[in-house]
Structure formats: C-alpha cells, structure tokens
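Here is the structure we will look at.
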Amino acid sequence: MAERRRHAEISGGGFAGLTAAAALARMGWSVRVHERAPELRTEGAGIVLWNNSLQVLDKIGAIHDLMTDSMTPPAYETRMNNVIQSQETLDGIRWRTMTRPHLYETLLLAARESGAEVVAGSEVVSATADGRISFANGETAEADLIVGADGVGSAVRDSLGVPLKRERSRDGITRFLVPRRKAELQVLEPDTEWDNVIDFWNLDPRVLRVLYTPANDKELYIALMSPAADADGSRVPIDLDLWTSVFPQLAPVLEVAAETPGKYYGYQTTRLDYWTDGKVALIGDAAHAMCPALAQGAGCSMQNAWTLAVAATAAADGDLPDALKQWERLERPITDRTQDKSQWYADTREMAKGGQFTGDSVEAALYNPTDPNRHEVHAS
Ligand code: FAD
Ligand code: 5PR
C-alpha cells in the first residue's frame with residue numbers, strides 16, 4: 001500500500017519559510033506556507049549569501065535563477081577614514097551579492113515549482129507540540145510537522161512559551177537600494193572601479209559607517225551605520241549634509257538615499273532555550289536572529305531550513321519529535337557560534353580593521369549543510 005504523504009504547515013513566507021517549503025516539497029511532503037502579509041513580495045535592500053546558503057539553493061533548484069541577477073564583486077575592501085585597510089579577494093570562498101526582492105522571487109518560484117502552496121494574508125496565532133496550528137481567522141489545521149519561520153516576533157515560538165534572551169548593541173543601520181551611478185562616482189574618485197564591496201568606516205571623531213555593496217549591474221545596496229544614541233546619524237530620512245560631509249565621494253548615491261524612506265534598525269541577537277517542541281521546529285529569525293556583521297542571518301536560516309527538511313524526512317512517523325531534537329543538537333552549534341561572533345563584531349566594531357575573512361569568521365561561510373558527511377569526526 002502506498003504510504004500516506006506527510007503534511008507540513010509553515011508559519012511565515014520569508015527566506016526561511018520559503019526555503020523549508022521548497023526543500024520539504026521536493027522530499028515528498030505536502031506543504032502549505034502561511035504568510036501574514038496580504039501580498040507575496042518583500043521590501044528591503046540588498047543581501048550577501050555565502051557557500052552555506054548557495055549550496056541549499058543548488059539543491060532546491062534555485063541557483064540558476066539566482067545567478068541571473070546577482071554578482072560576486074572582485075574584492076571586499078575595508079577603509080578607515082578613507083584609507084584602504086584591506087582588499088580581500090575571498091579566494092576559495094563562494095559568495096554572491098543581490099537585492100532582497102531578487103532572492104525573494106527566486107525562493108518563491110522554487111517553493112511553488114516544488115509543489116508547495118503559499119497562502120498570502122494568512123496569519124498564524126499559535127501552534128501546539130502535538131501538531132495543531134491555529135489561524136487569526138479562527139480556523140485550525142493538523143500537521144505532521146509545523147515549522148515556525150515567522151521571524152523575530154514569532155507567534156509560533158511565543159505561543160509555545162519558549163524562553164528567550166535578547167541582547168542589543170549600541171549601533172544600528174538604515175539600508176537602501178539605489179542606482180549604481182558608477183560614472184558619477186568615478187568623477188569623484190577616478191581610480192576606483194566601484195565594483196568592490198567597500199566598507200567605509202569612520203570611528204573618530206564620530207562613529208559613522210557606509211557599507212557599499214554592488215548587488216548587480218544596475219543596483220547598489222548601501223547600509224548606513226551609526227550609534228542609536230546619535231540622533232542625527234540615525235535619523236530617517238537621512239541627514240544628507242551630515243553623511244556627505246563625512247563621505248563626499250558617495251554624494252551621488254547618498255542623494256538618492258535621502259529621498260528614499262527607510263527605517264533605522266538596532267543590532268540585536270535572540271537566543272532561545274530550545275528550537276523544537278514535539279512536532280514543532282523553529283528556524284530563521286524566529287529561532288536565531290543575529291547581528292548582520294557576518295551577513296549570515298538569512299544564510300543560517302536557509303541552512304537550517306534544509307537540514308530540518310532532511311532530518312524530518314528521514315524520521316519514522318512516531319519518531320519525529322526525537323529526530324527534531326537530534327537535528328537541533330547537531331545543527332545548532334554552528335549557528336550559535338555565528339550569532340556570537342556577529343554580536344562580538346557589532347559590539348567591538350572590529351570589522352573596521354579589515355582582513356576579517358579568515359578563521360572562525362568564515363566558518364559558516366564555508367559550511368556545506370548539504371554534505372551528508374559533514375558531522376563525521378575527522379581524525380587529525
Ligand atoms: P523574516 O524575513 O522576518 O520572515 C518572516 C516572515 O513571516 C515575514 O514574511 C512575516 O511577514 C511572516 N510572519 C510573521 N508573523 C507571522 C504570523 N504570525 N503568521 C504568518 N506569517 C507571519 N542575512 C544574510 O544572510 N546576509 C546579509 O547580508 C544580511 N544582512 C542583513 C542586514 C540587516 C540590517 C539585518 C537586520 C539582517 C540581515 N540579514 C542578513 C539577516 C536576514 O535578513 C534575516 O536573518 C532573514 O531575513 C530571516 O529570515 P526569516 O524568514 O527567518 O524571517
Ligand atoms: N555585512 C552586511 C550587511 O548588510 C551589514 C553588515 C555587515 C552584508 C548590515 O547592513 O555589519 O551591519 C553590518
């Protein structure tokens with residue numbers, strides 16, 4: 001007799017939820033994703049992905065789409081007071097920059113092509129360890145697996161009462177997507193190609209930083225960092241005179257940012273006592289929101305979405321809760337270390353020194369969550 005198809009309900013259609021949906025559907029599950037927003041689209045600027053998430057995009061059949069409108073800049077450059085500290089070519093590290101809307105469209109298509117159903121305007125209010133999910137419209141559903149991928153304010157997590165700790169740091173950023181304007185930038189700084197990621201730090205006399213990240217031929221992602229306590233530095237719309245006085249060579253793109261609405265985001269980390277409860281697993285910012293320093297929040301979300309799907313699929317029906325616990329035991333440590341390192345960079349501003357892409361700072365970037373042998377102990 002044919003086996004019953006197992007069913008997953010996923011709360012949240014962000015990068016974590018859509019990746020889990022595509023992965024589970026490809027592994028034979030029937031999948032329904034609930035997205036609270038009335039429309040399936042994303043706002044937001046740019047993003048950097050590394051090998052750990054690019055491997056997952058390979059597996060869910062999304063990499064081709066992703067490559068069409070993304071890039072790998074020639075180097076990651078760090079400047080302090082406009083003096084170059086390092087130009088890291090990141091040899092041997094697979095990485096890609098892109099806009100958030102492009103990544104979102106890519107994942108939405110992959111989820112749908114894999115057979116997942118994605119429902120907009122569907123708000124989840126709670127879930128139970130025995131596999132019942134409840135919605136704001138009063139309906140409920142049963143599932144073999146419930147995935148809480150509903151972001152840093154997760155309703156699934158909070159309805160289960162999972163204890164958590166939040167850590168904030170003093171800095172934060174406002175992010176924009178603007179036109180590249182290479183020709184105008186080259187007038188101001190003719191020797192620069194303007195294709196590198198350029199991390200412009202100023203710590204003295206005032207902490208202001210612009211992270212310049214080309215996302216494709218036409219679009220540029222800029223993130224403007226300042227301490228929350230600096231009222232002018234963290235003001236939105238941005239204080240154009242202030243930012244161009246410190247970064248005159250970026251005036252052509254700062255002018256566009258000044259006309260764009262934005263939101264100042266204070267760096268923070270969320271750590272949970274546990275990620276799973278019975279048939280429920282939490283992934284993404286719901287489980288492990290992190291500071292952006294290592295650009296790994298979405299990367300770890302997609303990595304954990306994939307490994308969760310593999311672990312749940314391998315579990316026999318009645319064993320799912322234990323399989324989820326085992327998944328957390330194996331997969332959580334690298335995410336924990338990535339959160340800790342990102343929080344440390346945010347607190348210390350050590351990235352201003354450049355040369356950071358070595359050692360444990362690239363552990364997650366180099367990780368391959370799709371390698372079945374990744375947890376084998378290697379004798380040295
Ligand atoms: P979200 O993106 O928050 O998605 C959650 C979804 O669930 C949303 O669509 C929301 O509408 C929906 N939802 C919420 N509640 C409900 C509900 N009750 N019912 C139904 N739906 C619900 N990561 C990187 O990898 N690289 C980077 O370069 C990078 N840069 C960053 C820069 C900044 C400034 C910040 C703040 C983060 C950055 N990140 C980066 C992290 C990354 O953005 C997040 O980790 C990632 O988006 C988390 O995805 P998610 O799907 O878990 O959560
Ligand atoms: N790296 C990236 C990023 O988007 C941010 C940071 C580092 C790719 C924030 O915008 O340190 O804030 C950071």
Side-chain angles (χ1 to χ4, degrees), residues 9-21 33-50 52-54 76 95-98 100 103-104 107-108 118-127 133-136 147-159 169 171-176 197 199 201 209-213 215 221-226 262-270 282-305 335 338-339 342-343 345-346 349-352 356 364-365:
E9 294 273 334
I10 300 179
S11 178
F15 299 144
L18 292 175
T19 305
V33 180
H34 301 271
E35 169 52 48
R36 177 173 62 185
E39 278 174 63
L40 298 177
R41 59 185 179 84
T42 191
E43 277 147 31
I47 191 155
V48 181
L49 296 184
W50 307 86
N52 56 330
S53 46
L54 296 172
Y76 193 110
W95 67 301
R96 208 79 191 154
T97 64
M98 69 216 72
R100 279 177 188 257
L103 176 59
Y104 181 81
L107 289 174
L108 181 61
V118 186
V119 189
S122 181
E123 181 177 350
V124 173
V125 290
S126 63
I133 185 165
S134 306
F135 306 100
V147 181
D150 40 5
V152 70
S154 173
V156 168
R157 177 195 66 211
D158 293 346
S159 72
S169 63
D171 297 333
I173 50 168
T174 309
R175 296 170 282 177
F176 301 96
V197 171
D199 201 353
W201 284 85
R209 166 192 180 201
V210 177
L211 178 60
Y212 169 104
T213 307
Y221 162 45
I222 49 173
L224 279 56
M225 187 194 101
S226 74
K263 190 174 170 293
Y264 178 82
Y265 162 91
Y267 291 151
Q268 52 175 286
T269 303
T270 305
L282 300 164
I283 54 169
D285 281 6
H288 49 68
M290 64 181 75
C291 295
L294 292 177
Q296 275 293 351
C300 287
S301 302
M302 293 164 70
Q303 162 186 318
N304 291 324
T335 299
T338 308
Q339 278 188 300
S342 295
Q343 178 75 46
Y345 273 123
R349 300 169 177 154
E350 281 284 309
M351 280 174 67
Q356 72 259 26

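This is a predicted model, so every value here is computed, not measured. Whatever order the structure lists ligands and atoms in, that order sets their numbers, starting from 1.
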Is any side-chain heavy atom of Gln296 less than 4.5 Å from a side-chain heavy atom of Asn52?
yes
Quick one: which ligand 2 atoms are inside 4.0 Å of a heavy atom on Ile173?
9 (C), 10 (O)
Pairs of nitrogen or oxygen atoms closer than 3.5 Å, one from Tyr76 and one from ligand 2: do any exist?
no
Of all the heavy atoms in Cys300, does at least one lie under 4.0 Å from an atom in ligand 1?
no
Pick from Gly172, Pro292, Cys291, Ala45: the one approaching atom 1 (N) of ligand 2 most closely through a non-hydrogen atom:
Pro292
In terms of its nearest heavy atom to atom 12 (C) of ligand 1, the top option of Glu35, His288, Arg36 is Glu35
Given Gln296, Arg41, Arg100, Met290, which one has a non-hydrogen atom that is nearest to atom 39 (N) of ligand 1?
Arg100
Sub-4.5 Å side-chain heavy-atom contact between Arg36 and Val124
no
With heavy atoms only and a cut-off of under 4.0 Å, state how Pro292 meets ligand 1: side chain, backbone, both or neither.
side chain
With atom 2 (C) of ligand 2 as the reference point, say which of Leu211, Asp171, Leu49, Thr174 has the nearest heavy atom.
Leu211
At under 4.0 Å between heavy atoms, which part of Ser11 makes contact with ligand 1: side chain, backbone, both or neither?
side chain
A student comparing Leu107, Thr338, Val152, Ile173 should find that the heavy atom closest to atom 34 (C) of ligand 1 comes from Ile173
Judged on heavy-atom distance to atom 4 (O) of ligand 1, which of Gly14, Ala364, Ala136, Ser342 sits nearest?
Gly14
Closest to atom 17 (C) of ligand 1 (heavy atoms only, candidates Asn52, Thr42, Val124) is Val124
Within the structure, does Asp285 bring an N/O atom to less than 3.5 angstrom of an N/O atom in ligand 1?
yes
Examine Arg175 against ligand 2 and note whether any of their N/O atoms are separated by less than 3.5 Å.
no
Any heavy atom of Tyr345 sitting closer than 4.0 Å to ligand 2?
no
